[in-house]
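Counting from 1, the numbers follow the sequence of the chain as shown.
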Amino acid sequence: MQKLSLSQSLQQKLSPQQIQFIKLLQIPTAELENRIEEELEINPALEEGMDEEFETKDEYDDDFDDKDDFSERNDDIDIDTYLANDEFAGYKMQGDGFAEEDREMPLAMGSSLIDSLMQQFGYLRLTDEQRIIGLQLLGSIESDGYIRRSMQAIVNDLAFSQNVFVDADEIEAVLHKIQTFDPPGIAARDLQECLLLQLRRKDTADACVQLAIRIIEEFFDEFSKKHYEKIQRRLNVSDESLKKVVQIIIKLNPKPGSVEGDDNAAPYLTPDFLLSNVGGKLELTLNSRNAPELRISRSFADMLDTYDKSNKTNRALKETVSFVKQKLDAAKWFIDAIKQRQQTLLRTMNAIVQYQYDFFLTGDETKLRPMILKDIAQMIDMDVSTISRVANSKAVQTEFGIYPLKYFFSEGIATDSGEDVSSREVKNILKEMIDGETKVNPLSDDKLEKMLNDKGYNIARRTVAKYREQLNIPVARLRKQL
């Protein structure tokens, strides 16, 4: 016999308009233009531009409440609501910081790696089959410049996706051609091959370069673990020669696909906010260069006006007007979502500026306060998830450079005085300690923990290790130098 039971659960369903707002909120300004263009293409009731007669600039509404983002609309819409003049006024993005001047960004845009590789690939003299192989290989290069897929996997890719049947040797022959491209070390399959590709571009008549190639070929594991004494004994080389060789190798780029080996170097970062110091007072504006002005289409409104004066029993006309209403609703909701995006961004960033005011005024990282998402959410009475969506994808331009908003969120570390300091401050001190250490005898995590504790920072060894890893600093053994 089957047992029946009743259960109650409370569920919150988001309306399509709320979902639209959330999606718009989490995209950065750089992508907003594309999103607006997509909407313009699919909705003829939405137009780019501003009616001069109704041109207004939306003011930042301090009373905006994200708990009341959108209300559900009734399908049975009064025609008069569409015919009111104020419904056709567009909007202008708030705080267009680029309207009067084009400020130079601290980060400059460069040509992408794949563009450069494709240009070099065009100069190779290849058969049609080799060209297909080459394009497959170029598509397999990851952002740091490596190809990590095996040659056999690429053989399978070509067979299944291109209907090209070759063996691993044929692919490797084309790979060797690509490995002659700039930057040196590109398309390597591992770090050892990457370093060898770069060394073989140097003057191989130089005895130190020859020795470097031999060490990477024959003693790569020992070198990576800094077992220099073992290498010295096996090769019978002097301290001076080994020092020269080590200097040659450590100057090579371990990540040729990144700028100077920096994984985090972005070619260009578009700020969503512009923060300026005007006479000691911080002024915040939204960057709206990528967002065109929008309005409701007058021609669509005219259709409803025509319907209002016509015979309303015409079935075909009713269907047309239903379509028009649907598109007008969608256009209004989209404009509302853009406005609410602006308001939410400004409220969130204003709170961050207020919380980290001393930093934004001076640029001094030691003035950064411990701050978590909940701190900002409570300040402006918004949900933590809303703050997270803003913080995860936005950046602000200050007089000290462009910062992703995530940069300002960090946990606090207790001090002997009972105060909290930002984990970023502790990381800066940790980095200074490691930079100032004796490289012949680098500081262990245990020693670093004791030094930080002596300075009044209550921090455990495992936290020291975590911060060191976040700073991309290897363990003491791997920092050791001759």
Side-chain angles (χ1 to χ4, degrees), residues 23 26-28 30-31 34-35 37-38 41-42 109-202 204 212-224 249 252-268 393 472:
K23 288 181 177 179
Q26 60 196 19
I27 63 173
E31 296 175 21
N34 290 337
R35 177 65 188 88
E37 285 177 358
E38 286 175 11
E41 285 178 10
I42 63 173
M109 182 182 290
S111 61
S112 70
L113 174 66
I114 193 63
D115 289 341
S116 173
L117 295 176
M118 287 298 292
Q119 188 175 14
Q120 296 173 75
F121 183 70
Y123 292 117
L124 292 181
R125 301 181 69 179
L126 303 171
T127 65
D128 290 344
E129 189 175 80
Q130 286 176 322
R131 186 163 295 280
I132 293 170
I133 293 171
L135 291 172
Q136 189 73 29
L137 287 168
L138 289 176
S140 301
I141 295 176
E142 298 180 15
S143 59
D144 57 2
Y146 286 84
I147 292 180
R148 292 187 172 86
R149 287 183 68 74
S150 68
M151 294 299 99
Q152 188 55 51
I154 293 174
V155 166
N156 296 338
D157 290 344
L158 288 165
F160 289 118
S161 63
Q162 305 276 358
N163 207 28
V164 172
F165 300 94
V166 292
D167 58 33
D169 289 341
E170 290 173 275
I171 291 177
E172 196 146 345
V174 179
L175 175 64
H176 291 324
K177 293 179 187 292
I178 291 173
Q179 287 176 339
T180 63
F181 293 177
D182 286 324
I186 200 70
R189 287 161 285 186
D190 54 39
L191 178 59
Q192 184 179 18
E193 185 176 40
C194 178
L195 298 178
L196 285 171
L197 288 170
Q198 293 176 65
L199 287 169
R200 287 169 184 153
R201 298 265 195 114
K202 294 185 177 294
T204 51
I213 291 172
R214 187 177 175 193
I215 287 173
I216 296 302
E217 281 182 335
E218 300 176 23
F219 303 99
F220 180 71
D221 285 343
E222 289 83 351
F223 182 84
S224 63
I249 295 173
L252 301 174
N253 188 354
K255 296 177 182 178
S258 305
V259 180
E260 296 180 352
D262 180 4
D263 251 352
N264 299 318
Y268 189 74
S393 58
N472 291 321

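- Between L158 and F160, the closest side-chain pair of non-hydrogen atoms is not below 4.5 Å.
- A heavy-atom distance below 4.5 Å is not found between the side chains of Q136 and V164.
- Looking only at side-chain heavy atoms (C-beta outward), L196 and F220 stay at 4.5 Å or farther from each other.
- Shown here is F165, whose CZ atom has more than 12 heavy atoms of other residues, nucleotides or ligands within 6.0 Å.
- With rounding to the nearest 0.5 Å, the separation of OG1 in T180 from CG in L124 is 6.5 Å.
- Looking only at distances, a side-chain donor or acceptor of Q198 sits under 3.5 Å from a matching main-chain atom of N253.
- One finds the CD1 atom of I141 at 6.0 Å from the CD1 atom of I114 (value rounded to the nearest 0.5 Å).
- Remark: the backbone N or O of L137 is not paired with any side-chain donor or acceptor of R149 at under 3.5 angstrom.
- Taking 4.5 Å as the limit, every side-chain heavy atom of V166 sits out of range of all side-chain heavy atoms of I132.
- Residues I154 and I147 have side chains in contact (heavy-atom distance under 4.5 Å, counting atoms from C-beta outward).
- Here the CD1-CD1 distance, from I249 to I213, works out to 9.5 Å after rounding to the nearest 0.5 Å.
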request  = List the steps, then state whether side chain to side chain contact (heavy atoms under 4.5 Å, CB included) holds for V174 with R131.
outcome  = CA-CA 9 Å; V174 179; R131 186 163 295 280; over 6 Å; no

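- With rounding to the nearest 0.5 Å, the separation of CZ in F223 from CD in E218 is 14.5 Å.
- When all heavy atoms of Q179 and A187 are compared, the pair lying nearest together is NE2-O, 3.1 Å.
- Side-chain atoms of E193 never come within 3.5 Å of backbone atoms of A188 as a donor-acceptor pair (strictly under, hydrogens ignored).
- Closest non-hydrogen pair, P256 versus P183, comes out as O-CG, 3.1 Å.
- Counting only distance, with no hydrogens or angles, the side chain of Q120 and the backbone of D182 share a donor-acceptor pair below 3.5 Å.
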task = Start with the C-alpha distance between K177 and L126, add both sets of side-chain angles, then the distance that settles side chain to side chain contact (heavy atoms under 4.5 Å, CB included), and finish with yes or no.
result = CA-CA 10 Å; K177 293 179 187 292; L126 303 171; 3.7 Å; yes

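- Side-chain contact check for L252 versus K202: some heavy-atom pair is nearer than 4.5 Å.
- Residue L199 holds its CG atom at 14.5 Å from CZ of R214, rounded to the nearest 0.5 Å.
- Checking side-chain atoms of E170 against main-chain N and O of D167 turns up a donor-acceptor pair under 3.5 Å.
- Proximity of a side-chain donor or acceptor of Q192 to a complementary backbone N or O of I216 within less than 3.5 Å is detected.
- Counting only heavy atoms from C-beta outward, the side chains of R189 and L175 approach each other to under 4.5 Å.
- Remark: Q119 CD is loosely packed, at most 12 non-hydrogen atoms of other residues, nucleotides or ligands lying under 6.0 Å away.
- T204 places no side-chain N or O within donor-acceptor distance of the main-chain N or O of R200, the cut-off being under 3.5 Å.
- Heavy atoms only, all atoms of each residue included: K255 and Y146 are closest at CA-CE1, 4.4 Å.
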